[in-house]
S.K.: 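The structure that follows is given in the form of structure tokens.
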Amino acid sequence: MSTRSLLASAVTLALLAATGCSPAANTQKLIPVSGTVKVNGSPVSGLKVYFEPTEGRRSSGLTDANGNYQMMFSDSALGATEGPNQVRIVWSGEDPNEDEFAAPATVDLTSGTALAIPSRYNARTQLNADVSEQNNHFDFDLKM
């Protein structure tokens, strides 16, 4: 192989790496996903919602004042990965996979009542969503 061919191959590989192109990224189909998160029937703002597929990168969304969220795969791509996803819900700024969530995060509702988000909704989640074009709206009412 000539020096020119080696250089061209190296440049191509570097460009692919820089743009985030990988076989796994190319096989993930993104579906626009939205929904609402409530705590004991009341919408809560400032909660981070994560959809984590079996393989690949997770998506995230942040609840607004009405508890609505929209999933973002990246800064420029809406949606969550098609197929089964584990769902984790945490207070904004927390990492849903850290063991510290065994001690629940606190949410302050408009009523002034402080509630803890149990680990069954984050570190030890029991929430799942099977994302498809027909099934792309997921509401969660967390029971405390």
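All residue numbers refer to positions in the sequence shown, counting from 1. Every value quoted in this text rests on a predicted model; they were computed, and no experiment measured them.
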S.K.: Measure the shortest side-chain to side-chain distance between Lys38 and Lys143 over non-hydrogen atoms and say whether it is less than 4.5 angstrom.
M.R.: no
S.K.: Indicate yes or no for a side-chain donor-acceptor contact from Asn85 to the backbone of Thr54 under 3.5 Å, with no hydrogens or angles considered.
M.R.: no
S.K.: With sequence neighbours left out, what residues match Glu55 under salt bridge (Lys or Arg N to Asp or Glu O under 4.0 Å)?
M.R.: none
S.K.: For residues 69-84, which side-chain N or O atoms pair as donor and acceptor with protein atoms under 3.5 Å away, sequence neighbours left out?
M.R.:
{"unit_1": "Tyr69", "atom_1": "OH", "unit_2": "Phe138", "atom_2": "O", "d": "2.6"}
{"unit_1": "Ser74", "atom_1": "OG", "unit_2": "Ser76", "atom_2": "N", "d": "3.3"}
{"unit_1": "Ser74", "atom_1": "OG", "unit_2": "Ala77", "atom_2": "N", "d": "3.2"}

S.K.: Hey, what do you get for CD1 (Ile117) to CG (Asn122), rounding to the nearest 0.5 Å?
M.R.: 6.5 Å
S.K.: Rounded to the nearest 0.5 Å, how far apart are CZ of Arg120 and CG of Leu142?
M.R.: 8.5 Å
S.K.: Determine whether Val90 and Tyr50 satisfy the following criterion, side chain to side chain contact (heavy atoms under 4.5 Å, CB included), listing intermediate values before the conclusion.
M.R.: CA-CA 8 Å; Val90 299; Tyr50 293 96; 3.9 Å; yes
S.K.: Look up atom CZ in Arg57 and atom CD in Gln28, then write down how far apart they are to the nearest 0.5 Å.
M.R.: 8.5 Å
S.K.: Nearest 0.5 Å, what's the CG-CG distance between Asp141 and Asn40?
M.R.: 7.0 Å
S.K.: Can you list the residues that meet the side chain to side chain contact (heavy atoms under 4.5 Å, CB included) rule with Asp139, with sequence neighbours excluded?
M.R.: Thr36, His137
S.K.: Give a yes or no answer on whether the side chain of Thr63 reaches the backbone of Leu47 with a donor-acceptor pair at less than 3.5 Å.
M.R.: yes
S.K.: Indicate the atoms forming the closest heavy-atom contact of Trp91 with Ser45, along with that distance.
M.R.: CZ3-O, 3.7 Å
S.K.: Distance check, rounded to the nearest 0.5 Å: Tyr121 atom OH versus Met144 atom CE?
M.R.: 6.0 Å
S.K.: May I ask you to decide if Ala123's main-chain N or O and Arg88's side chain share a donor-acceptor pair within less than 3.5 Å?
M.R.: yes
S.K.: The criterion is side-chain hydrogen bond (donor to acceptor under 3.5 Å, both in side chains); which residues satisfy it with Asn128, sequence neighbours excluded?
M.R.: none
S.K.: Within the 4.5 Å heavy-atom criterion, are Val49 and Leu62 side-chain neighbours or not?
M.R.: no
S.K.: At what distance, to the nearest 0.5 angstrom, does CZ of Arg124 lie from CD of Gln86?
M.R.: 13.0 Å
S.K.: List the residues meeting side-chain hydrogen bond (donor to acceptor under 3.5 Å, both in side chains) with Asn66, not counting sequence neighbours, and say none if there are none.
M.R.: none
S.K.: Can you get from Leu127 to Val44 by hopping between Ile, Leu, Val, Met, Phe, Trp and Tyr side chains that sit under 4.5 Å apart?
M.R.: yes
S.K.: The criterion is salt bridge (Lys or Arg N to Asp or Glu O under 4.0 Å); which residues satisfy it with Asp64, sequence neighbours excluded?
M.R.: none
S.K.: Could you tell me which non-hydrogen atom of Pro43 sits nearest to which non-hydrogen atom of Gly67, and how far apart they are?
M.R.: CB-N, 3.7 Å
S.K.: Holding to side-chain hydrogen bond (donor to acceptor under 3.5 Å, both in side chains), I want the full list of residues that pass it with Gln126, two or more places apart in sequence or in another chain.
M.R.: none
